[in-house]
Participant: 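Before anything else, here's the structure in question.
Scope of the values below: all heavy atoms of this structure, side chains included, with no hydrogens, waters or symmetry mates. Residue indices begin at 1 and follow the sequence shown.
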Amino acid sequence: MNQSEAKEQIQALRKEIEVYNHEYYVLDSPSVPDAEYDKKLRQLIDLEEAFPDLVTADSPTQRVGGEPLDAFVKVQHDMPMLSLGNAFDEEELRDFDRRVREGTSEPVRYVCELKIDGLAVSLKYEDGVFVRGATRGDGQTGEDITTNLRTIRSIPLRLKNRETIEVRGEAFMPKRSFDHLNEQKKQNNEEPFANPRNAAAGSLRQLDPKIAARRHLDIFLYGVGVWEDEPTEAHSERLKHMDKLGLKTNPEWKLCNTIDDVIDYVKGWENERPDLDYEIDGIVIKVDNLAQQETLGFTAKSPRWATAYKFPAEEAVTKLTDIELSVGRTGTVTPTALLDPVKVAGTTVQRASLHNEDLIKEKDIRIGDTVIIKKAGDIIPEVVRVLEDQRDGSEQTFDMPERCPECDSELVRLDEEVALRCINPNCPAQLREGLIHFVSRNAMNIDGLGEKVIAQLFKENLVYTIADLYKLDRDELLKLDRMGAKSVDNLLSAIEASKENSLERLLFGLGIRFVGAKAANTLAQEFETMEHLMEADYDELIALYDMGEKIADSIARYFDEPKVIELIEELKQLGLNMAYKGRKKSEQPTDSLFADKTIVLTGTMEEYTRSEAKGIVEASGGKVTGSVSSNTDLLIAGADAGSKYDKAAELGVEIWDEQQFKQALNT
Ligand code: IVH
């Protein structure tokens, strides 16, 4: 056979195999027996081996190719991948509908879809060829996981026509594959995955594509990112168009003309959800018409034209076998219930948070009790209540210890706190947790330093303080379990790179009490260098407008500690950057955002107390009043806003949610 004959045959085989693939993995209705498919694939492999020049990336033989990667490359999304607002009950769905109808003049139709519980991904096709797949990441920047996504058989490597389009969807692990995988893990004495979502995410974040290839992942595409010359005018048309291109969409979507239809759909799936072969955690409701979507627009984080109805927390009954204590970064001693493993919302639960001693007393939780536990989404399971009539007298009451379970120092209750605390600054548990926080994503963001590695570093006495991290020795690290030369080198360069972080990351990482990422940012922006911040006294700190008394006091006290001063000096000597690298305060717009505006605040905000929000508005030139009238310029509504919201809507007063408020402050 000559080259051109081979080319022709190869193309014919690929086409045939693509059709079989689509029938099998997307439509779930194969037209040929497996043996026939295997035969064709074998023929193709043989031909490509004989004519290696003819191998192309979109060939069905190339799904699992290449060597493991060193690291994932970061990719900037062309259009941000936003998340969705939530509705937790019927009333909140009706609120959503009301807001949508207020924002559009024409009648609205909704598309309801299942909310697949997996990992959000973006797939980019150029001229019909799959060229890049990425994770959502923080919405702006994700990671290039193309090689892993190529192993998912339901992702076409080539579309049915030569479209250039970016589509979005959820990669997931079907329940059956998940059970099978965990079974295998157990047999190999490995830690099983907690739920299919973690298993899917874990598989797609493996650097070796061969692992993802073995994991039997699947995908449903639910949306479009960038699409030049888009021919469609409604979301439902987009779904149909994606089907035509050979992209796998979820077949259960439905067009609804009214919110009552939406509610019926939601209720129906609440009951039928256990019968699906994949996990869903809710229903997504989207305005169908794309022009209406555009009119409604977005808040900082999510579209106003869509919402996610979250299924209620699921409950289960199990036995509480023991109570374990752990010491956190700030010395708080937290009790955790150990449970007989039980399935809730598709995952096996073995532990539940008990928060503090008061809660144990209040709910009269005893070791040996039969309890109801509750789990919702990512939230740590909780003990709802004890089934007292199941007691047989053998249950034991639990008292918190008087001494720290890790370092044996006396525990104290500070001020009016409910939590018991170990105040020994050298308590090993606190130092360990402090380091875990220091390296975490929003702090110094040091990749490769997970909890297990830190626990080992501690055990081997290689680190004690934050500064020790910057003095780690390559040879010592090589002696640790599961640390090959490559991981050690990656880790050392991640640690080295972290020295260049802007000041706010270091400030947050230090773990100063009450200083979260937001306060750290404000401090870095205001004082610009560590030196200036360390010189600031309480009065200067409290003068910052989103700085509460508690935070200001805590910061002032922190930098009075000789040990802290020593630590900062040492970090400086080790080469850590101590300056703010972001946009300077002086370069930002002046505080006239709300100049001469009359503003009403209502509802509860996540990030600000009412008085903080008031302070911010006033500092930006606005006047805050208590009730909505025709003189009101703006209503800023947090969660659970009540009659003021309705009144403002009635009067046509502009209404912002917390996201919009935050966004306005940041621009
Ligand atoms: S639409 C602009 N539709 O749910 C937001 N999301 O917060 C577009 N998800 O992580 C999202 N199933 O990956 C949409 N049918 C569906 C979905 C869905 C699952 C995920 C999504 C994101 C989260 C939304």
Side-chain angles (χ1 to χ4, degrees), residues 80 82-89 91-104 139 287 293 295-308 514 516-519 521-522 525-526 542-551 585 588-667:
L82 299 175
S83 60
L84 293 171
N86 292 319
F88 290 95
D89 54 32
E91 201 180 318
E92 289 181 356
L93 278 175
R94 291 189 189 282
D95 283 346
F96 164 73
D97 175 53
R98 187 169 41 76
R99 288 195 301 271
V100 165
R101 280 186 293 108
E102 275 165 12
T104 47
V287 168
Q293 285 190 5
T295 311
L296 286 159
F298 297 84
T299 69
K301 264 200 196 152
S302 49
R304 288 201 190 83
W305 45 263
T307 194
F514 306 122
K518 186 170 157 266
N521 210 25
T522 309
Q525 230 176 49
E526 287 288 339
I542 195 78
L544 307 182
Y545 70 56
D546 45 2
M547 199 65 49
E549 285 170 20
K550 253 185 2 192
I551 314 186
K585 189 85 198 186
Q588 292 181 359
T590 50
D591 289 334
S592 55
L593 177 65
F594 299 121
D596 303 325
K597 291 255 160 58
T598 302
I599 294 172
V600 176
L601 302 167
T602 185
T604 328
M605 294 209 214
E606 265 172 36
E607 271 192 36
Y608 313 93
T609 62
R610 178 65 60 83
S611 65
E612 278 166 359
K614 184 166 182 269
I616 295 172
V617 170
E618 287 171 350
S620 309
K623 191 173 108 192
V624 176
T625 61
S627 57
V628 176
S629 72
S630 55
N631 291 329
T632 309
D633 295 304
L634 174 67
L635 178 83
I636 302 177
D640 302 320
S643 59
K644 287 185 196 167
Y645 188 105
D646 296 335
K647 178 125 193 237
E650 201 180 298
L651 293 172
V653 169
E654 185 173 358
I655 302 177
W656 286 6
D657 62 12
E658 183 174 351
Q659 288 308 331
Q660 284 167 287
F661 178 52
K662 260 170 51 188
Q663 195 188 20
L665 296 175
N666 288 330
T667 47

Participant: Do Leu601 and Phe661 have side chains that get closer than 4.5 Å, going by heavy atoms?
Facilitator: no
Participant: From Arg98 CZ over to Leu93 CG, what is the distance, rounded to the nearest 0.5 angstrom?
Facilitator: 12.5 Å
Participant: When you measure from the side chain of Gln293 to the backbone of Val287, do you find a donor-acceptor pair of N or O atoms at a distance under 3.5 Å?
Facilitator: yes
Participant: Has the side chain of Thr307 got a donor or acceptor atom that lies under 3.5 Å from a matching backbone atom of Gly85?
Facilitator: yes
Participant: Show the nearest heavy-atom pair for residues Ile655 and Gln660, with the distance to one decimal.
Facilitator: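 Here Ile655 and Gln660 meet closest at O-OE1, 3.9 Å.
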Participant: Got a donor-acceptor contact below 3.5 angstrom from the Lys647 side chain to the Val628 backbone?
Facilitator: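 At least one qualifying donor-acceptor pair exists.
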Participant: Where do Ser629 and Leu651 come nearest, in terms of heavy atoms and distance?
Facilitator: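 Taking Ser629 first and Leu651 second, the nearest heavy atoms are C-CD1, 3.7 Å.
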Participant: Flag the pair Asp97 and Arg94 as a salt bridge only when some basic side-chain nitrogen lies within less than 4.0 angstrom of an acidic carboxylate oxygen.
Facilitator: no
Participant: What are the two closest non-hydrogen atoms of Glu102 and Ala649, and how far apart are they?
Facilitator: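 Heavy atoms of Glu102 and Ala649 come nearest at OE2-CB, 3.8 Å.
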Participant: Looking at Lys662 and Glu658, is there a salt bridge between them, counting it only when a charged N and a carboxylate O are closer than 4.0 Å?
Facilitator: no
Participant: Give the minimum heavy-atom separation between Ser83 and Ser302, together with the two atoms involved.
Facilitator: O-CB, 2.8 Å
Participant: Do the non-hydrogen side-chain atoms of Thr299 and Gln663 ever get within less than 4.5 Å of each other?
Facilitator: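 No. Closest side-chain heavy atoms not under 4.5 Å.
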Participant: If you measure from CZ on Arg99 to CG on Asp657, what distance do you get to the nearest 0.5 Å?
Facilitator: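 So the gap between those two atoms works out to 8.0 Å.
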Participant: Taking all non-hydrogen atoms of both residues, which atom of Thr598 and which atom of Asn631 are closest, and how far apart?
Facilitator: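 The answer is CB-O, 3.7 Å.
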Participant: Measuring from Phe594:CZ to Ile616:CD1, what's the distance to the nearest 0.5 Å?
Facilitator: 8.5 Å
Participant: Which value, rounded to the nearest 0.5 Å, describes the distance between Ile599 atom CD1 and Ile636 atom CD1?
Facilitator: 5.0 Å
Participant: Which atom names give the shortest non-hydrogen contact between Leu593 and Ala664, and what distance separates them?
Facilitator: CD2-O, 3.8 Å
Participant: Start with the C-alpha gap between Thr104 and Arg304, add the side-chain angles, then the distance that decides, and say whether side chain to side chain contact (heavy atoms under 4.5 Å, CB included) holds.
Facilitator: CA-CA 11 Å; Thr104 47; Arg304 288 201 190 83; over 6 Å; no
Participant: Taking Thr522's backbone N and O only, do any of them form a donor-acceptor pair with Gln525's side chain (distance below 3.5 Å, no angle check)?
Facilitator: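 No; zero donor-acceptor contacts below 3.5 Å.
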Participant: Is there a side-chain contact between Tyr645 and Asp95 in this structure, where contact means two heavy atoms from C-beta onward sitting under 4.5 Å apart?
Facilitator: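 They are not in side-chain contact.
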